[in-house]
Amino acid sequence: MAYKCSVCGKAAMTGHSVSHANNKTNRRWKPNLQRVRALVKGQVAKVNVCTKCLKGNKIEKAVRGRHKAAVA
């Protein structure tokens with residue numbers, strides 16, 4: 001599975017770490033992803049979501065014990 005937010009598509013970025021001697025080594029900046037139980041198309045699924053989307057209420061979190069039969 002890709003290291004990517006399933007809501008906004010935010011993924012890892014690449015670049016260089018640059019030392020004082022101007023030596024460049026490869027590095028990656030990763031988004032802060034959390035694995036969350038959420039409602040996706042009416043079904044409960046575990047998805048990777050970045051914390052910005054979590055704080056912005058861009059997903060509907062699934063509540064334990066709340067089934068499809070209880071909602072209908």
Side-chain angles (χ1 to χ4, degrees):
M1 182 186 289
Y3 201 84
K4 190 176 190 179
C5 176
S6 59
V7 177
C8 65
K10 187 185 289 187
M13 293 178 62
T14 60
H16 289 103
S17 285
V18 181
S19 69
H20 288 290
N22 206 25
N23 298 330
K24 295 171 185 73
T25 57
N26 294 332
R27 66 157 292 181
R28 286 168 59 99
W29 287 270
K30 295 181 188 174
N32 187 0
L33 296 182
Q34 305 294 317
R35 193 139 174 91
V36 179
R37 292 177 74 248
L39 290 176
V40 179
K41 298 178 185 173
Q43 298 290 323
V44 176
K46 287 186 179 177
V47 291
N48 286 330
V49 182
C50 69
T51 52
K52 206 167 204 181
C53 291
L54 275 176
K55 289 193 278 185
N57 290 326
K58 304 220 174 156
I59 62 158
E60 185 178 348
K61 285 178 129 181
V63 180
R64 289 213 183 265
R66 193 172 127 197
H67 298 289
K68 205 196 267 189
V71 174

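No experiment lies behind these values; they were computed from the predicted model shown.
Nearest approach of Ala12 to Arg28, heavy atoms of both residues: CB-NH2, 3.1 Å. Nearest approach of Val63 to Arg37, heavy atoms of both residues: C-NH1, 4.3 Å. In this structure, Gln34 and Thr51 approach most closely via the heavy-atom pair CG-CG2, 3.9 Å.
The shortest distance between side-chain heavy atoms of Val18 and Asn23 does not fall below 4.5 Å.
Partners of Asn57 under the side chain to side chain contact (heavy atoms under 4.5 Å, CB included) rule, at least two apart in sequence or in another chain, do not exist in this structure. Remark: Asn22 engages Lys24 in a side chain to side chain donor-acceptor pair (under 3.5 Å) (not counting sequence neighbours). Partners of Arg27 under the side chain to side chain contact (heavy atoms under 4.5 Å, CB included) rule, at least two apart in sequence or in another chain, are Ser17, Trp29. Checked against side chain to side chain contact (heavy atoms under 4.5 Å, CB included), Asn26 has the following partners two or more places apart in sequence or in another chain: His16.
Here the SG atom belonging to Cys8 is positioned 7.0 Å from the NZ atom belonging to Lys58, to the nearest 0.5 angstrom. Note: Cys53 SG to Leu33 CG = 9.5 Å, rounded to the nearest 0.5 Å.
Summarising the hydrophobic clusters (Ile, Leu, Val, Met, Phe, Trp, Tyr; side-chain heavy atoms under 4.5 Å, direct or chained), the residues clustered with Val49 are Val7, Val36, Val40, Val47, Leu54, Ile59.
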